[in-house]
Protein chains: 2
Amino acid sequence: MTVSKTAADTARPSRASRKDLVEPAADDSVLQLGELAGLLGYSLKRAQLKVFEDFLRCVAPLQLTPAQFSVLLLLDKNPGRNQTEIANTLGILRPNFVAMLDALESRDLCSRMRSANDRRSHIVVLTEKGRAVLARAKKFVANKHEARLIEVLGPEHHALMLEMLAKLAREF
Amino acid sequence: MTVSKTAADTARPSRASRKDLVEPAADDSVLQLGELAGLLGYSLKRAQLKVFEDFLRCVAPLQLTPAQFSVLLLLDKNPGRNQTEIANTLGILRPNFVAMLDALESRDLCSRMRSANDRRSHIVVLTEKGRAVLARAKKFVANKHEARLIEVLGPEHHALMLEMLAKLAREF
DNA sequence: GATATTTGATATGGTCCATAACAATTATCA
DNA sequence: TGATAATTGTTATGGACCATATCAAATATC
């Protein structure tokens with residue numbers, strides 16, 4: 001027995017214990033989702049993966065992930081904030097935000113500055129290059145990514161969807 | 001210098017290089033999301049996390065994750081299928097599905113059987129206990145989880161949302 | 001019957017997420 | 001004031017999830 005309790009470590013029946021023969025499904029048709037199709041969380045997850053994939057494609061020339069883009073957007077909209085404030089707003093834990101900022105700072109998209117008030121905190125500021133990249137990214141996102149979403153869903157459904165998702169994220 | 005190239009390993013400016021003082025934001029009000037609120041992918045991700053959290057809470061007595069629940073549902077709806085067929089339908093890669101099945105099988109919720117046709121493949125079947133647990137899980141999900149979603153979104157918006165999410169997952 | 005393909009499995013590495021702990025700094029308050 | 005507590009950025013670490021290469025056994029192909 002191992003000590004750590006990963007799923008992979010759980011006991012698996014020996015080969016000898018599963019020797020019974022069973023008839024496989026006859027037809028090779030597509031599997032039925034059943035009630036899975038009615039599970040909101042399931043479709044939510046699958047849709048989210050697709051949307052993030054498309055985001056990455058649309059903004060690939062700038063090499064920005066959705067999370068990185070959200071950081072740049074937040075820095076632009078909220079100057080003079082420190083690491084914890086930015087991280088908290090995005091639901092990122094402070095320890096995990098360090099490496100994220102390191103990556104952005106090493107590409108000269110943002111910069112850590114010392115606060116004039118509190119020598120503990122680092123104020124995070126967009127660099128000139130950061131502002132330029134963000135501006136280009138915004139255009140890619142609006143013209144390619146969101147445009148495609150609006151096209152597929154229809155403008156009114158897109159707006160409604162945004163509203164409902166925000167409601168879920170807020171009060172669920 | 002380390003060898004692997006994680007984001008955390010990217011060069012970070014030395015402490016000496018960021019000594020400039022900067023005025024922090026004066027007010028301590030809530031940070032502005034800005035265009036982040038209009039990004040569908042952002043709200044999609046946040047909503048998905050909340051919904052999965054709620055799912056885990058609602059089905060906690062049965063100790064089932066959303067992924068495990070989806071496997072049980074699929075096994076029930078599609079008897080006589082092998083591991084790859086189940087995994088593919090759920091978008092799970094075969095190597096990663098092995099540990100997942102190990103966990104379920106070690107709890108006697110399902111069982112791997114040899115196919116009568118093809119001695120390579122394992123037909124995955126629900127056990128009696130698996131069927132019982134699935135039945136209970138379905139009730140928890142319907143009466144607690146989905147019920148709350150419908151309550152928050154409203155029945156017609158819930159249905160519309162499901163439709164749109166499925167559309168995104170399908171044709172995006 | 002030689003070769004290619006499929007299936008389940010292992011190994012491995014990457015990314016993301018969560019917690020504990022630490023030094024430096026600041027806040028609290030007796 | 002000075003002792004103690006709290007905060008900030010950081011490191012270390014481990015778990016969960018995802019992706020690729022590879023393998024032996026079995027089957028398919030030609």
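The sequence lines fix the lettering, A, B, ..., with proteins before strands; numbering per chain opens at 1. This structure is a prediction, so every number in the text was calculated from the model and none was measured.
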Student: Just compare C:dT19, D:dT8, D:dA19 and give me whichever is closest to any side-chain atom of A:L93.
Tutor: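 Within the option list, the nearest is C:dT19.
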Student: Can you tell me how far C1' of C:dT10 sits from CG of B:D102, to the nearest Å?
Tutor: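 Rounding to the nearest Å, CG of B:D102 and C1' of C:dT10 are 11 Å apart.
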Student: Quick one: on DNA chain C, does B:E85 or B:N96 contact a more 5' nucleotide (nearest heavy atom)?
Tutor: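 Its nucleotide being nearer the 5' end, the pick is B:E85.
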Student: Give a yes or no on whether A:K129 atom NZ has more than 12 heavy-atom contacts from other residues, nucleotides or ligands under 6.0 Å away.
Tutor: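 Above 12, so yes.
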Student: Which whole-number value in Å describes the distance from B:K50 NZ to C:dC17 P?
Tutor: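 In whole Å, C:dC17 P and B:K50 NZ are 15 Å from each other.
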Student: Would you please say whether a donor-acceptor pair under 3.5 Å links the side chains of A:N82 and A:T84?
Tutor: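 Yes.
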Student: A:Q83 has a side chain; which of D:dA19, C:dT7, D:dT10 sits nearest to it?
Tutor: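 Shortest atom-to-atom distance from the side chain points to D:dT10.
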Student: Check whether any side-chain N or O of A:T84 sits under 4.0 Å from OP1 or OP2 of D:dG9, and answer yes or no.
Tutor: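 For D:dG9, OP1 or OP2 has a side-chain N or O of A:T84 closer than 4.0 Å.
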Student: Could you tell me how far apart A:N117 (CG) and C:dA27 (C1') are, to the nearest whole angstrom?
Tutor: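 So the two atoms are 14 Å apart, to the nearest Å.
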Student: Between atom CG in B:L90 and atom C1' in D:dC17, what is the gap in whole Å?
Tutor: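 One finds 15 Å between C1' of D:dC17 and CG of B:L90, rounded.
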Student: In whole angstrom, give the distance that lies between atom CZ of A:R81 and atom P of D:dT7.
Tutor: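 Interatomic distance, CZ of A:R81 to P of D:dT7: 17 Å.
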Student: I'd like to check the salt bridge (charged side-chain N to carboxylate O under 4.0 Å, His left out) partners of A:R94; sequence neighbours left out, ordered by chain and number.
Tutor: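 Applying salt bridge (charged side-chain N to carboxylate O under 4.0 Å, His left out) to A:R94 gives none.
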Student: Please give, in whole Å, the distance from D:dT20 C1' to B:F97 CZ?
Tutor: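 The distance from CZ of B:F97 to C1' of D:dT20 comes to 19 Å, rounded to the nearest Å.
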Student: Looking only at side chains, do B:Q63 and B:R107 share a donor and an acceptor under 3.5 Å apart?
Tutor: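 Per modelled atom types, B:Q63 and B:R107 side chains form no pair under 3.5 Å.
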Student: C:dG8, D:dC18, D:dA26: which one has an atom nearest the side-chain heavy atoms of B:H122?
Tutor: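 Output: C:dG8.
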Student: Quick one: B:I123 CD1 to C:dG8 P, roughly how many Å, whole number?
Tutor: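 Whole-Å distance recorded here is 8 Å.
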Student: Could you pick out which residue, B:D118 or A:D118, lies toward the 5' side of DNA chain C when each is mapped onto its nearest nucleotide?
Tutor: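 It is B:D118, whose closest nucleotide lies nearer the 5' terminus.
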Student: Without decimals, in angstroms, what is the distance between B:M100 CE and D:dG15 P?
Tutor: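 Spelled out: CE on B:M100 to P on D:dG15 is 19 Å.
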Student: Could you check whether A:E128 pairs with A:R131 (Lys NZ or Arg NE/NH1/NH2 to Asp/Glu carboxylate O, under 4.0 Å)?
Tutor: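 Between A:R131 and A:E128 there is a salt bridge, with a charged N closer than 4.0 Å to a carboxylate O.
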Student: So if I take every side-chain heavy atom of A:P95 and compare against D:dT20, C:dT19, D:dA26, which nucleotide ends up nearest?
Tutor: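 Closest nucleotide among those given: C:dT19.
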Student: Check every atom of D:dT10, C:dC17, C:dT26 against the side chain of A:R119 and return the nucleotide holding the closest atom.
Tutor: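 Among D:dT10, C:dC17, C:dT26, the one nearest the side chain of A:R119 is C:dT26.
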Student: If you check every side-chain atom of B:V98, which of D:dT10, C:dA18, C:dA9 has the closest atom?
Tutor: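 Comparing D:dT10, C:dA18, C:dA9 against the side chain of B:V98, the answer is C:dA9.
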Student: Measure from the side chain of A:R94, starting at C-beta and using heavy atoms only, and say which of D:dT10, C:dG8, D:dA25 lies closest.
Tutor: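 Side chain of A:R94 sits closest to D:dT10.
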Student: What nucleotide among C:dT5, C:dA24, D:dG9 has an atom nearest to a side-chain atom of B:R120?
Tutor: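 So the nucleotide nearest the side chain must be C:dT5.
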